[in-house]
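We use all heavy atoms of the structure for the numbers below, so side chains are in, but hydrogens, waters and symmetry mates are not. Just so it is clear: chains get the letters A, B, ... in the order the sequence lines come, proteins before strands, and each one is counted from 1.
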There are 2 protein chains.
Amino acid sequence: MVIEEEKFRGKIQAIQDTMYVLGGKWKLPIILSIFGGNKRFNEISKSIPNITNRVLSKELKHLEENLLIKRTVIDDYPVRIEYTVTAYCFGIEKVVKQMESWGKKHREKLGLK
Amino acid sequence: MVIEEEKFRGKIQAIQDTMYVLGGKWKLPIILSIFGGNKRFNEISKSIPNITNRVLSKELKHLEENLLIKRTVIDDYPVRIEYTVTAYCFGIEKVVKQMESWGKKHREKLGLK
DNA sequence: CGGTATCCTTGACGATACTG
DNA sequence: CAGTATCGTCAAGGATACCG
């Protein structure tokens, strides 16, 4: 059926969009870190095991471009930079919860075998 | 706090596990296609825009190794191969729904600007 | 029909050093 | 402190052709 096919194509596109914005190894961990209260570059960096500055820097830019986080320059002495999650970012909460939940189950499953 | 940190590390690990199994451009679309009733290699291939045989072949193997789909050889004339989702695969339903839902919202958001 | 083989490009990710 | 520069590796993904 044509209508069914269109629906299916829509689903695929939606999921591929999500994967583009949130996919990869680091984007969600970074968001979680900022969400958890880390604001400064080095704070975030230290909170996430094994991430390098280079990768963190690139991912922060990607997330900023996609409106999930905000970068603020605070004109103090010395100047500070703060990263915060945007209101829009709260929308991903459910996605994250489901992914976390499934990931845990999957690890258990593999562990039991 | 140490306990808080451990929780956070656990979350990160769970999400990275999920990303490893379901991440990338094609794995979820392929599962959706099989879930939607496509069983044969070429059926699946045609149902997903722009996927190549090579990529489909690799992804099917990855999904089979991770117990999400099952490959069955049907000893008919000629021999047929059928792919089906496993019971375990049903567990990802919620993840998929949330990703689909968020992806649609995100596309709208970008479209409206 | 259900893939492989071959070749290629791109991007993700990493290590290390350095800088205003 | 908040990155950038440089260099390198590996995997994802793509194009095209071919095969039993």
| task | Among the candidates dC1(D), dT4(D), dG13(D), find the nucleotide nearest to the side-chain atoms of Ser57(A). | result | dT4(D)
| Atom CG of Leu60(A) to atom C1' of dA2(D): distance rounded to whole Å? | 10 Å
| What is the nucleic acid contact for Lys27(B), judged by heavy atoms within less than 4.0 Å: base, sugar-phosphate only, or nothing? | nothing
| task | Round to a whole Å and report the spacing from CD of Glu43(B) to P of dG3(C). | result | 13 Å
| query | Checking all strands, does Glu59(B) fall into the base, sugar-phosphate, or nothing category for heavy-atom contacts under 4.0 angstrom? | reply | sugar-phosphate
| Donor-acceptor pair (no angle test) under 3.5 Å: Arg54(B) side chain, dG3(C) base | no
| query | With respect to the phosphate group of dG3(D), does any side-chain polar atom (N or O) of Asn53(A) fall under 4.0 Å of OP1 or OP2? | reply | no
| Can you tell me if the side-chain N/O atoms of Lys58(A) get under 4.0 Å from OP1 or OP2 in dA2(D)? | no
| message | Is there a ring-ring contact (aromatic ring centres under 6.0 Å, His included) between Tyr20(A) and His62(A)? Walk through the geometry before answering. | response | CA-CA 10 Å; Tyr20(A) 174 73; His62(A) 172 100; 5.6 Å; yes
| Can you name the nearest heavy-atom pair linking Cys89(B) to Leu68(B), along with the distance? | CB-O, 3.2 Å
| said: dG3(D), OP1 or OP2 - any side-chain N/O from Arg71(A) closer than 4.0 Å? | reply: yes
| Nearest-0.5 Å distance that lies between atom CD in Glu6(B) and atom NZ in Lys11(B) | 14.5 Å
| field | Below 4.0 Å: OP1/OP2 of dG2(C) and any side-chain N or O of Lys39(B) | value | no
| For Glu82(A), which contact category applies under a 4.0 Å heavy-atom criterion: base, sugar-phosphate, or nothing? | nothing
| message | Mind checking if Lys25(A) touches a base, just sugar-phosphate, or nothing, with heavy atoms under 4.0 Å? | response | sugar-phosphate
| task | For dG11(C), take OP1 and OP2 only and decide whether either is under 4.0 Å from a side-chain N or O of Trp26(A). | result | no
| Got more than 12 heavy atoms from elsewhere within 6.0 Å of CG, Asp76(B)? | yes
| said: From CD1 of Ile69(A) over to C1' of dA2(D), roughly how many Å is that when rounded to an integer? | reply: 14 Å
| query | Does the distance from a Lys or Arg side-chain N to an Asp or Glu carboxylate O, for Glu5(B) and Arg9(B), drop under 4.0 Å? | reply | yes
| query | Between Tyr20(B) and dA11(D), does any side-chain N or O lie under 4.0 Å from OP1 or OP2? | reply | no
